[in-house]
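Since the structure comes first, as structure tokens, the remarks are kept for the end.
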Amino acid sequence: MGYTVGQVSGFTGITVRTLHHYDTLGLLSPGDRSPAGYRLYGDADLARLQQILFYRELGFPLDEIATILQGPQANALDHLRARHRLLTGQIAALQRLVEVAEHAMEVQQTGVDLTPEERFEVFGEVAFDLTYATEAHLKWQHRPGHQRAMARAATHSKEDWATLMAEAADWRLRLRAAFDAGEPADGERAMDLAEEHRRHLCRWFTPCPTDMHGRIADDFAADPRAFALLVPPSAQRPGLAAYLRTAVHANAVRHPPPA
């Protein structure tokens, strides 16, 4: 039993015009005819059509598909290898575009409008994890404190960032020294460091009352990506994030918000 061009179009989703085009090119010509003289597609024709659609899905042009279908199986393998190399190159190019788009997203979500070279110079090991930045932005975007912090960050110059990062680096060294020395997390030294961090946020980003500071510290302890924004992984110690969290909450008790 054969199938008319209209029937093949109906169950394959390929337009009649496309099938006629394939016929004109000699790529797929119906092998049978009805008693009334209409061309009919047989099983072998439909199998060839499946091959054509397969190669079209991979992006092969029609003239190359015709060459493949005419040649032996080894010839098809050569063409597929060449297509694989081309697609791999295209994937790499698209990945580079994705990275460019991610950088643009990162700028929008962090407010850090610096070139990649300036970022490396200023931030060093401290890097923004785009996944975390996106999640944090979605989580906090409606909070006034987050909105103010992003707006303030967007106004910082390269020199501003260099200054605040130098302050943060010095603070990290003293936090780690207190931790390594076994200073209690709810002791004066650790609480003073927590208070210094809170004031650093107030000075550079947004007013940060102790309850807000506590939520930030909770995030540091719960999500390594958040803590990595404060302390690079190479400078961390097991338990350091939890240590800071305890110090922050102890400092909040020491400095309760005004009634």
Side-chain angles (χ1 to χ4, degrees), residues 2-32 39-121 123-139 223-226 228-229 232-234:
Y3 301 91
T4 66
V5 65
Q7 290 173 318
V8 173
S9 174
F11 61 69
T12 64
I14 302 169
T15 66
V16 170
R17 182 177 180 179
T18 297
L19 290 170
H20 282 156
H21 183 56
Y22 290 171
D23 188 6
T24 301
L25 295 176
L27 185 60
L28 178 66
S29 297
D32 295 321
R39 291 188 173 187
L40 298 176
Y41 292 86
D43 291 341
D45 300 324
L46 296 180
R48 184 179 176 89
L49 177 58
Q50 285 184 317
Q51 290 182 292
I52 293 169
L53 296 178
F54 167 73
Y55 289 116
R56 285 295 288 161
E57 184 70 20
L58 291 177
F60 284 96
L62 293 179
D63 57 347
E64 191 171 353
I65 294 174
T67 300
I68 294 172
L69 296 181
Q70 289 171 1
Q73 187 64 27
N75 184 54
L77 185 58
D78 289 340
H79 284 273
L80 286 170
R81 284 173 177 158
R83 179 58 51 170
H84 181 272
R85 289 193 296 270
L86 176 63
L87 293 173
T88 300
Q90 290 175 341
I91 290 170
L94 288 172
Q95 183 59 43
R96 287 192 293 272
L97 291 177
V98 168
E99 291 170 0
V100 171
E102 286 179 347
H103 171 68
M105 291 165 58
E106 187 176 341
V107 168
Q108 292 298 317
Q109 291 161 355
T110 63
V112 184
D113 191 9
L114 301 176
T115 68
E117 293 78 11
E118 289 173 330
R119 282 170 176 270
F120 184 79
E121 178 184 346
F123 294 107
E125 288 186 83
V126 179
F128 289 98
D129 183 309
L130 182 64
T131 303
Y132 174 75
T134 301
E135 292 176 3
H137 180 71
L138 293 174
K139 179 180 180 180
D223 194 329
R225 299 171 303 171
L229 297 177
S234 63

Mind listing the side-chain donor-acceptor pairs of residues 17-26 below 3.5 Å, one per line with the distance, residues two or more places apart or on another chain?
unit_1, atom_1, unit_2, atom_2, d
Thr18, OG1, Thr15, OG1, 2.7
Asp23, OD1, Ser29, OG, 2.8
Asp23, OD1, Arg39, NH1, 3.1
Asp23, OD2, Arg39, NH1, 2.5
Thr24, OG1, His20, O, 3.0

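- Listed for the Thr12 side chain is a donor-acceptor partner under 3.5 Å among the backbone atoms of Val8.
- Checked against side chain to side chain contact (heavy atoms under 4.5 Å, CB included), Leu53 has the following partners two or more places apart in sequence or in another chain: Ile14, Leu49.
- Screening residues 57-67 for side chain to side chain donor-acceptor pair (under 3.5 Å) gives Glu64-His79 as the qualifying pairs, with residues at least two apart or on separate chains.
- Proximity of a side-chain donor or acceptor of Asp45 to a complementary backbone N or O of Pro30 within less than 3.5 Å is not detected.
- How far CG of Leu46 is from CD of Gln51: 12.0 Å, rounded to the nearest 0.5 Å.
- Formation of a donor-acceptor pair under 3.5 Å by the Arg56 side chain with backbone atoms of Phe60 is found in this model.
- Remark: Tyr55 OH to Leu62 CG distance equals 14.0 Å, nearest 0.5 Å.
- The heavy-atom pair separating Leu69 from Ile52 by the smallest distance is CD1-CG1, 3.7 Å.
- Closest approach of Arg83 to Gly59, counting heavy atoms only: NH1-O, 3.3 Å.
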Tyr41/Asp32 under side chain to side chain contact (heavy atoms under 4.5 Å, CB included): CA gap, chis, key distance, verdict
CA-CA 6 Å; Tyr41 292 86; Asp32 295 321; over 6 Å; no
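- When all heavy atoms are compared, the tightest approach of Leu58 to Leu80 is CD1-CD2, 3.7 Å.
- A heavy-atom distance below 4.5 Å is not found between the side chains of Leu40 and Tyr3.
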